[in-house]
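Below: the structure, in structure tokens.
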Amino acid sequence: MFKDNKRTGKGSDTLIGIGSDIQGKLRCEANLRLEGKFHGEIETTGEIVIGESGEAHSTIRGNEIIVAGKVFGDIITEGKLTITASGQVDGNVSAHTLVILDGGILNGISIMERPAASAVASPVPAGPSKNVPQPEAG
């Protein structure tokens with residue numbers, strides 16, 4: 001009689017539609033698509049899409065982020081940040097992978113670091129350096 005709508009643990013996707021103007025702190029475990037305006041903080045473990053009509057005055061943290069609209073604030077992701085041809089970011093970005101398509105705009109500083117698990121420290125030689133004077137015993 002009723003359909004069995006069991007989910008695999010992921011919540012439903014979140015949409016902030018055209019004409020919406022929201023302020024505050026948004027945290028979710030699902031994907032997020034912003035087509036309206038948002039002022040505040042956005043954090044999700046899923047994908048964030050700022051659509052062509054979307055505008056965020058926010059600090060944004062997400063797994064993968066696509067900007068086709070406007071973002072005024074910092075973006076932080078350990079995954080990929082894509083700024084499409086219609087996208088504009090006025091703020092600093094920290095991403096593992098950064099893609100800016102022809103026509104996309106980034107006004108800010110970009111930091112791209114490898115994840116900590118793949119970063120390998122160079123060995124430091126044991127013993128005193130030849131150029132640094134050593135204190136004398138006595």
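Small disclaimer: the values here were computed from a predicted structure and weren't measured.
- Between the side chain of Thr44 and the main chain of Cys28, a donor-acceptor pair closer than 3.5 Å is present.
- Here Arg33 pairs with Glu35 under the salt bridge (Lys or Arg N to Asp or Glu O under 4.0 Å) rule; sequence neighbours left out.
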message: What verdict does the side-chain contact (heavy atoms from CB on, under 4.5 Å) test give for Ile60 and Ile50, after you've listed the backbone C-alpha separation in whole Å, the side-chain angles of each residue and the deciding distance to 0.1 Å?
response: CA-CA 11 Å; Ile60 300 175; Ile50 309 298; 4.3 Å; yes
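- In this structure, the side chains of Ile48 and Ile42 come closer than 4.5 Å at one or more pairs of heavy atoms.
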Please list, one pair per line, the donor and acceptor atoms closer than 3.5 Å that link side chains of residues 18-26 to other protein atoms, with sequence neighbours excluded.
from, atom 1, to, atom 2, distance (Å)
Ser20, OG, Gly17, O, 3.1

Ile83 and Val71: CA distance, side-chain angles, deciding distance, side-chain contact (heavy atoms from CB on, under 4.5 Å) verdict: CA-CA 10 Å; Ile83 302 173; Val71 174; over 6 Å; no
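- With sequence neighbours excluded, the residues forming a side chain to side chain contact (heavy atoms under 4.5 Å, CB included) with Thr77 are Ile65, Leu81, Ala95, listed by chain and number.
- Evaluation of the salt bridge (Lys or Arg N to Asp or Glu O under 4.0 Å) test over residues 37-51, restricted to residues two or more places apart or in two chains, returns Arg27-Glu43.
- For Asn92, the side chain to side chain contact (heavy atoms under 4.5 Å, CB included) partners at least two apart in sequence or on another chain are Asp74, Ile109.
- Remark: Glu55 engages no residue in a salt bridge (Lys or Arg N to Asp or Glu O under 4.0 Å) (not counting sequence neighbours).
- Under the rule for a side chain to side chain contact (heavy atoms under 4.5 Å, CB included), the partners of Ser110 that lie at least two apart in sequence or sit in another chain are Val93, Leu98, Leu106.
- Atom NE2 of His96 and atom NZ of Lys80 lie 11.0 Å apart (nearest 0.5 Å).
- Qualifying ring pair (Phe, Tyr, Trp, His ring centres under 6.0 Å) partners for His39, counting only residues two or more places apart in sequence or in other chains: His57.
- Atom CG of residue Leu15 and atom CG of residue Leu32 lie 8.5 Å apart, to the nearest 0.5 angstrom.
- Think of Ile66 as one node in a network of Ile, Leu, Val, Met, Phe, Trp and Tyr side chains linked at under 4.5 Å; its network also takes in Val49.
- Residues passing the side chain to side chain donor-acceptor pair (under 3.5 Å) test with Asn63: none are found, sequence neighbours excluded.
- A search for side chain to side chain donor-acceptor pair (under 3.5 Å) contacts involving Ser86 returns Thr84, not counting sequence neighbours.
- As a member of the Ile/Leu/Val/Met/Phe/Trp/Tyr network built from side-chain separations under 4.5 Å, Leu101 groups with Val99.
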